[in-house]
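Okay, structure first, notes after.
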Amino acid sequence: MSLTVVGSLAFDAVKTPFGSRERMLGGAATHFSLAASFFDEVRPVGPVGDDFGPEDWAVLQTRGTITDDVEHVPGGKTFFWAGEYSDNLNDRVTHVTDLNVFADFQPKLSPAAQECDVLFLANIQPDLQLGVREQCHRARFVAMDSMNFWIDSAREDLERTIRSVDCLILNDEELEQLTGKPTTVAAAEEILSWGPRAVVAKQGKYGAALFSDAGFFALPAYPLAEVIDPTGAGDSFAGGFVGYVAAQGDEPIDHDLLARAMAYGTALASYNVEEFGTERVARLTADEVAARVADLQRMTRFDLAPLTLRG
Ligand code: AMP
């Protein structure tokens with residue numbers, strides 16, 4: 001299988017209760033690629049500027065990620081985002097979003113990127129996501145993410161893009177904001193009526209829930225006593241989740257397979273938050289991923305014998 005992703009390639013300035021970074025490698029497609037590279041060959045699509053240095057290319061190329069579709073724009077500046085987290089780390093305020101080279105980007109995918117089996121539209125302008133989606137005719141599974149910034153500034157494009165994919169992965173509050181529904185369940189049902197056959201509601205430190213026509217499945221987040229920087233957790237989750245789907249070959253992509261994929265997403269996200277930016281996942285090993293998935297299986301075991309109730 002092969003996996004293409006379009007999304008932000010960025011520099012981030014981040015402040016958390018545990019420290020700050022003025023400028024670190026980030027971006028939705030970067031975090032996604034690092035996580036998904038455990039499962040398949042990944043091809044990120046997007047532009048970077050002159051400020052994207054050799055060490056940034058090297059991180060992006062971790063575990064064989066192919067950067068042929070990452071376009072260097074001479075004279076340009078890489079996307080920049082600055083954000084700050086609340087004391088409990090579950091709320092975040094955006095201070096700066098500078099699209100820079102993304103503002104005029106017209107995605108033209110190489111034949112190899114167009115012929116992907118699985119496509120992920122990571123967070124970026126919805127019209128760019130749709131432009132890439134329309135070039136990947138062969139993809140048997142297309143998933144996407146977005147965020148409140150695009151719900152506020154490009155809602156129509158976003159709705160059009162959502163209608164073209166198989167699976168929407170979004171924070172629970174953003175699902176409610178997007179649909180105007182008061183509960184995540186009602187919001188997910190609304191999105192399923194638009195066309196996607198699955199919705200994943202990310203719930204921050206509480207985990208994630210899967211909704212499809214075949215039912216519901218939820219996993220808590222991996223229990224961690226210390227979280228240093230949540231930036232990219234959602235993209236790492238998506239990288240583990242979508243990467244697992246890509247690694248299953250021709251197996252039918254049904255509710256059961258997506259539920260299993262949630263465990264890999266949860267494991268990758270949990271490692272991501274242990275350090276700033278890409279630091280932890282860039283040097284993560286396959287054995288560590290497998291160990292955490294095994295832990296999750298053990299911890300969430302739910303195997304009750306039947307009981308006759310009174311009344
Ligand atoms: P996450 O924490 O998973 O929501 O993703 C954080 C990453 O998203 C950061 O590395 C940012 O560079 C990137 N990001 C922030 N705002 C945007 C935006 N409006 N569009 C695309 N990417 C963004």
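Note that ligands are numbered from 1 as they come in the structure, with each ligand's atoms numbered from 1 the same way. Start at 1 with the first residue, then count along the sequence.
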Checklist entry - So, is T97 polar-close to ligand 1, with some N/O to N/O distance under 3.5 Å? => result no
Next on the checklist: Can you tell me if Q125 contacts ligand 1 (heavy atom of the residue under 4.0 Å from the ligand)?
Outcome noted: no
Checklist entry - Out of A122, G232, G204, whose heavy atom sits nearest atom 6 (C) of ligand 1? => result G232
Next on the checklist: Side chain or backbone, does R92 bring an N or O within less than 3.5 Å of an N or O on ligand 1?
Outcome noted: yes
Item to check | Criterion side-chain hydrogen bond (donor to acceptor under 3.5 Å, both in side chains) against S236, the qualifying member of T231, T278, T266, N272 | outcome: N272
Checklist entry - Are any of the N/O atoms in W150 less than 3.5 Å from those in ligand 1? => result yes
Checklist entry - Do the ring planes of F120 and F32 sit parallel (below 30°), tilted (30 to 60°) or perpendicular (above 60°)? => result parallel
Checklist entry - If we only count N/O pairs under 3.5 Å, is G234 in contact with ligand 1? => result yes
Checklist entry - Looking only at distance, does F149 have an N or O less than 3.5 Å from an N or O of ligand 1? => result no
Checklist outcome for this item: Taken to the nearest 0.5 Å, the spacing of S33 OG from Q61 CD works out to 11.0 Å
Item to check | Heavy atoms of other groups near K205 NZ, more than 12 under 6.0 Å | outcome: yes
Checklist entry - So is F79 close enough to ligand 1, meaning a heavy atom under 4.0 angstrom away? => result yes
Checklist entry - Is a salt bridge present between D157 and R160, judged by a nitrogen-to-oxygen distance below 4.0 Å? => result yes
Item to check | Protein contact to atom 13 (C) of ligand 1 [nearest heavy atom, distance to 0.1 Å] | outcome: S8 OG, 3.7 Å
Checklist entry - Which of these passes ring pair (Phe, Tyr, Trp, His ring centres under 6.0 Å) with Y264: Y222, F39, Y271, F237? => result F39
Next on the checklist: Check contact between F237 and ligand 1, using heavy atoms of the residue and a distance below 4.0 angstrom.
Outcome noted: no
